[in-house]
Peer 1: 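Sharing a structure here in structure tokens format.
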Amino acid sequence: MPEGPSIILLKEECLPFLGKKVIRVEGNTKIEKERMANKKILFIKSWGKHFLLGFSGFTLKVHFLMFGSYTINAKKDRPSRLSLIFSKGEINFYTCSVKFLEEDLDELYDWSADVMSDLWDPKKARKKLKDQSDVMICDTLLEQDIFAGVGNIIKNEVLYRVRIHPESPVGKIPAAKLTSIIKEARQYSFDFLEWKRLYVLRKHWLAHNKKTCLRCDLPFVRKHTGFRHRRSFFCTNCQKLYV
DNA sequence: TATAATGTTTGAAC
DNA sequence: AGTTCAAACATTAT
């Protein structure tokens with residue numbers, strides 16, 4: 001479920017509830033969920049993989065981690081972590097992390113780091129990468145303070161598109177190539193969004209979970225790379241390793 | 001059926 | 001004290 005573009009779709013699906021009052025709250029979360037009862041949804045935002053529902057005086061943050069899911073106006077056959085029930089309709093969150101944020105969101109979040117945001121700033125991303133010269137690009141792409149919203153699928157697809165080996169340290173990658181990585185991190189995320197919207201995301205994967213490189217027909221390397229040990233799928237023939 | 005995976009936080013261990 | 005790393009969370013597809 002996660003990765004930034006999926007959260008954009010969730011925001012869209014929740015739009016009918018904007019300005020509407022929560023009349024009942026359910027779920028097995030341990031947070032003080034009752035504080036949302038009889039309160040209106042004042043805004044619906046996201047930052048990377050964080051889904052944010054604004055109430056008067058506080059914000060609900062939902063993070064779906066690896067297995068989280070949600071339903072709108074439908075229920076799953078198991079207890080929800082949190083359900084927000086409106087006079088007409090409901091939002092159910094399952095197996096996710098829910099928390100309240102008390103702070104002003106502008107203090108908490110650097111919106112320019114969110115690849116899906118209108119405020120996304122590639123130049124700032126570039127500056128942050130300067131401090132990561134020894135870190136492999138497969139790890140920095142997953143760094144939420146730099147590329148909020150990018151997950152493992154996006155990582156693999158971006159690196160395949162720009163033909164860069166995931167184990168290349170950031171500092172060894174030529175400037176022009178770094179620029180294309182940063183650009184593609186955003187561009188692929190929007191492609192991901194539109195493909196997911198049409199339920200055709202998987203069939204557009206060029207690298208993630210693939211066995212063979214469609215450019216040269218050689219088998220992909222499948223390896224847990226970097227300090228994060230996340231799966232990378234790559235072609236050593238088509239993706240250049242800078243060392 | 002067992003395994004591993006679209007992820008992050010926490011706290012133990014060094 | 002600062003860094004590193006495994007555990008925990010818990011569903012679903014292969």
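Keep in mind that this is a model prediction, so the values were computed, not measured. Just so it is clear: chains get the letters A, B, ... in the order the sequence lines come, proteins before strands, and each one is counted from 1. The figures that follow rest on heavy atoms only: side chains count, while hydrogens, waters and symmetry mates do not.
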Peer 1: Between A:F227 (CZ) and C:dC5 (C1'), how many Å, whole number?
Peer 2: 12 Å
Peer 1: Looking at B:dT6, I'd like to know if its phosphate oxygens (OP1 or OP2) sit under 4.0 Å from a side-chain N or O belonging to A:R231.
Peer 2: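 The answer is yes; a side-chain N or O of A:R231 sits under 4.0 Å from OP1 or OP2.
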Peer 1: Taking atom C1' of B:dT6 as reference, at what distance in whole Å does atom CG of A:D191 sit?
Peer 2: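 About 17 Å, once rounded to whole Å.
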Peer 1: Between A:D145 (CG) and B:dT8 (P), how many Å, whole number?
Peer 2: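 Those two atoms, CG and P, are 11 Å apart.
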Peer 1: What's the CZ-P distance between A:F64 and B:dT9, to the nearest Å?
Peer 2: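 Going from A:F64 (CZ) to B:dT9 (P), I get 15 Å.
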Peer 1: Could you state the NE2-C1' distance from A:H63 to C:dA10, rounded to the nearest angstrom?
Peer 2: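 The distance from NE2 of A:H63 to C1' of C:dA10 comes to 15 Å, rounded to the nearest Å.
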Peer 1: Charged N to carboxylate O under 4.0 angstrom, A:D110 versus A:K128?
Peer 2: yes
Peer 1: Would you classify A:R222 as touching base, sugar-phosphate or nothing, given that sugar-phosphate means primed atoms plus P, OP1 and OP2, and contacts are heavy atoms under 4.0 Å?
Peer 2: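 Contact class for A:R222: none.
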Peer 1: In plain terms, say whether A:K33 and A:E26 are close enough for a salt bridge, that is, a side-chain N and a carboxylate O under 4.0 Å apart.
Peer 2: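 No, no charged N to carboxylate O under 4.0 Å.
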Peer 1: Using the P atom on both, measure C:dA6 against B:dA4 and round to a whole Å.
Peer 2: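 Here C:dA6 and B:dA4 have their P atoms 15 Å from each other.
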Peer 1: Is A:K240 close enough and on-axis enough to A:Y242, meaning under 6.0 Å and within 45°, for cation-pi?
Peer 2: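 Yes, A:K240 sits over the ring of A:Y242.
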Peer 1: To the nearest angstrom, how far is A:F51 atom CZ from B:dT8 atom C1'?
Peer 2: 19 Å
Peer 1: What is the distance, to the nearest angstrom, from the CZ atom on A:R228 to the P atom on C:dA7?
Peer 2: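 After rounding, the reported distance stands at 19 Å.
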Peer 1: May I ask you to evaluate whether A:K49 reaches the phosphate of B:dG7, defined as a side-chain N or O under 4.0 Å from OP1 or OP2?
Peer 2: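 Affirmative; the distance criterion is met.
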Peer 1: With rounding to the closest Å, how many angstrom separate the P atoms on B:dT3 and C:dA7?
Peer 2: 16 Å
Peer 1: So what does A:K76 touch, heavy atoms closer than 4.0 Å: a base, only the sugar-phosphate, or nothing?
Peer 2: sugar-phosphate
Peer 1: Quick one about A:S133 and A:K172 (side-chain donor to acceptor, distance below 3.5 Å, no hydrogens or angles considered), yes or no?
Peer 2: no
Peer 1: Is the A:H50 ring parallel, tilted or perpendicular to the A:H63 ring (thresholds 30°, 60°)?
Peer 2: perpendicular
Peer 1: Provide, to the nearest angstrom, the distance between the CG atom belonging to A:N152 and the C1' atom belonging to B:dT8.
Peer 2: 14 Å
Peer 1: Considering every strand and a 4.0 Å limit on heavy-atom distances, what is the contact class for A:H50: base, sugar-phosphate, or nothing?
Peer 2: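 No contact.
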